[in-house]
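Worksheet: one structure, shown below.
Naming: A, B, ... by sequence-line order, numbering from 1 per chain.
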Number of protein chains: 2
Amino acid sequence: MGKCEQCIIKQFNALKSLSKEELVRISNCKTTRVIKKGEVIFEEGEIINGVYCVKDGICKLSKLSENGKDQIVKMVVKGQLIGQRSLITEEASNLQAVALNDMEVCFIPRHEIINDLQTNPRFSYDVLKEMAHDLKEADDIIVNMAQKSVRQRLAETLVYIQESFGVNPDKTLSVLLSREDFANIVGTATESAIRVLSQFKKEGLISIIGKQIRIDDVEGLKRVE
Amino acid sequence: MGKCEQCIIKQFNALKSLSKEELVRISNCKTTRVIKKGEVIFEEGEIINGVYCVKDGICKLSKLSENGKDQIVKMVVKGQLIGQRSLITEEASNLQAVALNDMEVCFIPRHEIINDLQTNPRFSYDVLKEMAHDLKEADDIIVNMAQKSVRQRLAETLVYIQESFGVNPDKTLSVLLSREDFANIVGTATESAIRVLSQFKKEGLISIIGKQIRIDDVEGLKRVE
DNA sequence: CGCTTCATTGACGCAAGTCAACTAAGGTGG
DNA sequence: CCACCTTAGTTGACTTGCGTCAATGAAGCG
């Protein structure tokens with residue numbers, strides 16, 4: 001099993017602020033898990049009792065609303081942590097995590113990390129920074145949900161995915177999402193998302209290549225009203 | 001000027017985890033500000049350079065969307081802190097703060113508190129907890145915005161305000177909001193909010209007494225679909 | 001007593017939700 | 001290898017929630 005002290009992934013998250021000794025300790029009790037596309041990492045309401053560090057792959061964090069629809073709240077890629085929020089508030093998870101492609105994650109049990117959080121100020125300050133960043137993003141999403149049209153939100157989502165998660169060699173989005181996923185990100189019906197996407201295609205803003213989507217006119221998408 | 005060490009307000013927020021010495025130091029450089037109803041505490045984009053501790057009153061935190069409408073993201077009452085998020089990410093404020101009634105707030109400049117945040121683990125862990133809680137609330141709001149009707153959101157808002165901020169002796173909501181405020185919380189047009197409110201009134205769920213709103217049937221509101 | 005700001009109500013149009021039919025693609029077993 | 005089934009995607013038709021514009025009423029206020 002790999003060692004946390006040597007893992008480059010930690011450079012991308014708060015774990016970088018842990019001391020060598022702390023990392024060695026964590027390394028000894030962490031478990032690595034391989035997760036297949038579509039598999040559930042943890043359920044909404046589940047007591048996670050630790051955090052996941054994403055070594056590879058990408059997943060979606062979603063919440064089931066009362067009407068039975070899933071709302072995707074955040075997407076998490078290689079290098080980021082999942083589950084910190086619930087760890088800190090000592091609650092069950094408020095979100096479900098599902099892999100969007102094959103993943104590799106390390107699980108760090110609660111008791112190993114909670115102590116560092118309470119005693120290592122550099123580490124907790126780093127986690128604080130990440131959480132503050134997430135909170136700002138969440139505020140922005142609230143405003144978008146409340147004030148913008150489905151068409152506008154979908155356009156912004158496409159640009160966001162391209163800019164945050166990158167593209168394949170053929171310029172298609174590297175993250176492969178179903179139409180339902182798109183709908184669940186922007187908060188609309190699947191059919192509505194489909195219609196808007198095919199409208200974008202008709203307008204020459206995107207191309208649809210097999211299951212992949214390629215953005216042809218980023219500026220155009222940004223100008224969508 | 002009052003002294004932080006003796007201020008009971010701090011019991012309600014993370015400041016309670018500061019040591020006596022830290023509080024004395026903060027007390028010496030804090031400034032107290034009286035803010036009238038409707039007054040702006042800080043603007044979106046303003047560099048706050050510190051945090052506000054709300055000693056009395058209530059305010060709204062909102063963000064202007066590109067179409068020119070304000071979206072209220074959070075309401076803050078006596079005992080809570082404002083501006084921690086921006087303090088931590090070292091950015092300008094992403095939100096505007098406006099007093100909903102007469103307020104009294106203490107301003108603690110950045111340089112006095114940032115050090116405590118980086119060295120006092122109890123304190124930063126407390127701030128972390130508050131932020132984690134805010135983040136969960138934000139996630140819930142995202143789901144509501146994306147999946148529920150205006151009618152449903154307004155019903156939930158009314159219940160939320162009653163349960164979080166309490167009622168006057170005559171059972172009316174203690175927080176007085178304009179119709180526009182309600183619209184900006186649920187993310188809709190003012191006229192739509194008005195229509196839904198008068199519908200609730202017609203259905204006997206609420207009463208409108210002068211400028212005040214009284215909830216007559218909490219359960220009924222919770223059942224709204 | 002006019003002026004301004006907030007609340008209310010009506011009329012109208014459009015964005016988006018819903019239901020339903022149909023196609024395409026992939027997978028499995030006989 | 002084909003027949004069958006399942007799942008994802010697509011499109012049309014219909015309905016409706018909600019935004020917008022506009023007119024009017026009510027309430028404070030200098």
5′-ward residue of the pair B/Glu191/B/Val196 relative to DNA chain D: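 So the residue in question is B/Val196.
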Atom [atom1] of [X] to atom [atom2] of [N]: distance rounded to whole Å?
| X | N | atom1 | atom2 | answer |
| --- | --- | --- | --- | --- |
| B/Asn184 | C/dA7 | CG | P | 12 Å |
| A/Phe182 | D/dT10 | CZ | P | 11 Å |
| A/Asp181 | D/dT7 | CG | P | 16 Å |
| B/Leu176 | D/dA27 | CG | P | 15 Å |
| A/Ile194 | C/dT23 | CD1 | P | 16 Å |
| B/Gln199 | D/dC18 | CD | C1' | 14 Å |
| B/Arg195 | C/dG10 | CZ | P | 8 Å |
| A/Leu177 | D/dT7 | CG | C1' | 17 Å |

Whichever of A/Lys211 and A/Thr188 has its nearest DNA chain C nucleotide further upstream toward 5': A/Thr188
Check: B/Gln6 side chain, B/Lys3 main-chain N or O, donor-acceptor pair, under 3.5 Å: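 Flag not set: sc B/Gln6 to bb B/Lys3 has no pair under 3.5 Å.
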Sorted by number, the residues of residues 144-159 of chain A with heavy-atom contact under 4.0 Å to DNA chain D: none
Sugar-phosphate only, base, or nothing, as touched by B/Lys69 at under 4.0 Å among non-hydrogen atoms: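 The residue B/Lys69 makes sugar-phosphate contact but no base contact.
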Closest to side chain of B/Arg179, choosing from C/dT8, C/dT9, C/dG17: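 Selected nucleotide: C/dT8.
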